[in-house]
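Just follow the structure's listing: the first ligand is 1, and inside any ligand the first atom is 1. Since the model is a prediction, treat every value here as computed from it, not as a measurement.
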Amino acid sequence: SVPGSARRDWKPVADAVREEYLWAWRQYVERALGADHIKPISGGREDFFVEGHSVGLSLVEAVDTLWLMEADAEVARAVQWIVDDLDFDVDAPFQVFETNIRMVGGLAAAYHCTGDQRLLERAKDVADRLLPAFTESPTGLPYRYVNLASGAVSDPETNIVEIGTYIAEFGVLSQWTGDNRYYDLAKRAMRVVYDKRTELGLLPHDINAETGQWRNRQATIGPPGDSYYEYLWDGYRLFGDPELKQWYDTLTDAILSKQAERHDGLLWFPQVDAFTGEVLSREQSVLAGFYAGLLAESGHVAEGRAYHDAFTAVQERFGVIPTSVDYSTMTATRVDNALRPEFADSALMLWLATGDEVFRERAHTHFENMVATSKTNYGFASLTDVTATPPSQEDTCPGYWWSEQMKYYWLLFSDTPRLDYRDNYLSTEANLLRGARR
Ligand SMILES: O=C1NC[C@H](CO)[C@@H](O)[C@@H]1O
Ligand SMILES: [Ca+2]
């Protein structure tokens with residue numbers, strides 16, 4: 001670690017993060033309370049899951065972040081809205097994966113931080129409405145959509161992210177309620193996928209939930225492969241399940257030996273044919289950046305550092321990392337960026353794993369560039385073109401902004417007493433499910 005004298009005082013940066021966040025929260029409460037999204041340029045409201053029916057997504061995503069920032073009056077306001085106005089009895093199909101990581105996860109984190117039993121009840125309520133997607137499936141691979149009121153399921157044409165990103169949220173529900181159904185259904189879906197790995201130990205990413213047949217050949221650690229791998233490790237970390245660790249290690253060894261390559265001295269993870277190993281694409285999604293943190297957390301620190309170095313080169317080139325780049329030419333293949341948090345996610349994970357100040361410096365740049373390009377009238381806006389001067393904004397702010405990068409910056413710079421920095425767990429949506437210090 002850095003000798004005391006060289007260690008920078010990050011408190012002013014922590015104060016700036018908290019000030020920006022509480023300013024954005026005030027705009028949301030005044031103009032869009034209960035909306036899934038605020039429209040940050042116009043101050044309007046926007047639905048995320050179902051057109052015409054918001055379920056307070058940004059508010060639910062914000063609760064644990066507000067709590068970690070010791071904004072207790074704002075926490076109380078948010079909890080009051082959840083108790084009084086949040087209703088999941090909506091006769092419409094909700095995407096099972098997004099509803100889990102955002103709503104189940106957000107409510108579970110709010111309960112973990114506040115201890116308010118009513119929040120656990122709401123987390124269980126919405127999780128129970130998702131279960132038919134698993135129990136109605138002939139293979140155990142969940143359907144993509146479920147009607148929260150009728151339980152009708154739909155869309156078996158799914159992928160390993162939407163099949164395998166449940167065990168963290170479902171597992172703590174099983175732990176906190178004593179009902180193992182949640183854990184067992186989440187783990188079974190992961191096992192079915194793992195048992196279909198190819199001879200090379202790689203996974204394609206698209207699969208039919210009714211037939212169990214792969215629908216593509218490409219393997220990726222980016223979307224829609226990413227959080228399947230993440231949750232194998234997370235399930236082991238949270239619940240000590242040795243099978244999940246064995247599955248994770250087997251797949252990760254295959255990825256590191258067959259799905260990684262050096263280019264201009266930087267480490268990258270191309271898309272490859274899962275059956276032959278042939279490189280199919282050298283495009284890298286900004287979402288793949290989470291993998292640097294996962295590698296570091298799971299004992300592959302050198303590779304994690306090297307992959308974060310690669311994305312740092314992209315951040316240094318573009319200022320704000322484009323949605324995807326071709327790393328063989330370092331050109332943007334998609335110039336937008338929907339306020340994606342992954343670079344900051346893995347910066348926090350790498351800092352926790354190594355104590356190396358360089359990750360706080362990189363995250364500080366990420367924060368400053370985000371404020372400089374996304375801040376607008378009533379909040380922070382996604383960007384439609386990071387290469388424009390100035391970058392052009394879109395009148396929308398994604399729900400994960402309230403849960404992810406602002407929380408990562410706060411934890412990196414504040415040294416808040418509300419987090420156990422040695423033993424904690426943040427889900428793929430940065431929902432705090434372990435390590436709150438009340
Ligand atoms: O796992 C996820 N994928 C996409 C979003 C962030 O880019 C967010 O919902 C979450 O981090
Ligand atoms: Ca994530």
May I ask you to check if Arg418 and Trp67 form a cation-pi contact, with NZ or CZ under 6.0 angstrom from the six-membered ring centre and within 45° of the axis?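 The answer is yes, since Arg418 meets both limits relative to Trp67.
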Looking at Trp23, I'd like to know if the NZ or CZ of Lys375 sits under 6.0 Å from its six-membered ring centre while staying within 45 degrees of the ring's axis.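 Flagged: Lys375 positioned over aromatic ring of Trp23.
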Q. Are the ring centres of Phe367 and Tyr409 closer than 6.0 Å?
A.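 Yes.
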Closest to atom 9 (O) of ligand 1 among Glu61, Glu429, Glu342 (heavy-atom distance) |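 That would be Glu429.
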Review point. Please state which protein non-hydrogen atom is closest to atom 11 (O) of ligand 1 and give its distance, to 0.1 Å?
Key: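 Closest protein heavy atom to atom 11 (O) of ligand 1: Glu404 OE2, 2.5 Å.
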(message) Students should be able to answer this: which protein heavy-atom is nearest to atom 1 (O) of ligand 1, and at what distance?
(response)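 The answer is Thr428 OG1, 3.0 Å.
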Closer than 4.0 angstrom: is that true for some heavy atom of Ser227 and an atom of ligand 1?
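Heavy atoms of Ser227 never come under 4.0 Å of ligand 1.
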query: Should Arg102 be listed as contacting ligand 1, given a heavy-atom distance under 4.0 Å as the test?
result: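 A heavy atom of Arg102 does come that close to ligand 1.
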Residue [X] vicinity, atoms of ligand 1 by number, heavy atom under 4.0 Å:
X      : value
Pro341 : 6 (C), 7 (O)
Arg340 : 4 (C), 5 (C), 6 (C), 7 (O)
Leu287 : 4 (C), 7 (O)

In terms of relative ring orientation, are Trp233 and Tyr248 parallel, tilted or perpendicular, with 30° and 60° separating the classes?
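It falls in the tilted class, 30° to 60°.
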**Prompt:** Taking the six-membered ring for Trp, are Trp402 and Tyr28 parallel (under 30°), tilted (30 to 60°) or perpendicular (over 60°)?
**Reply:**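 If you compare the ring of Trp402 with that of Tyr28, the planes turn out tilted.
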Answer yes or no for Thr428: is there an N/O/S atom below the 3.0 Å cut-off from the Ca ion (ligand 2)?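 Short answer: yes, at least one N, O or S atom is under the cut-off.
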Note to self: Looking at Met69, is its backbone amide N or carbonyl O close enough to the side chain of Arg18 to form a donor-acceptor pair, meaning the two atoms are under 3.5 Å apart?
What the structure shows: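 Yes, because the side chain of Arg18 sits within donor-acceptor range (under 3.5 Å) of the backbone of Met69.
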Quiz item: Going through the checks in order, is the side-chain contact (heavy atoms from CB on, under 4.5 Å) test met by Phe170 and Ile167?
Solution: CA-CA 5 Å; Phe170 278 28; Ile167 201 149; 5.8 Å; no
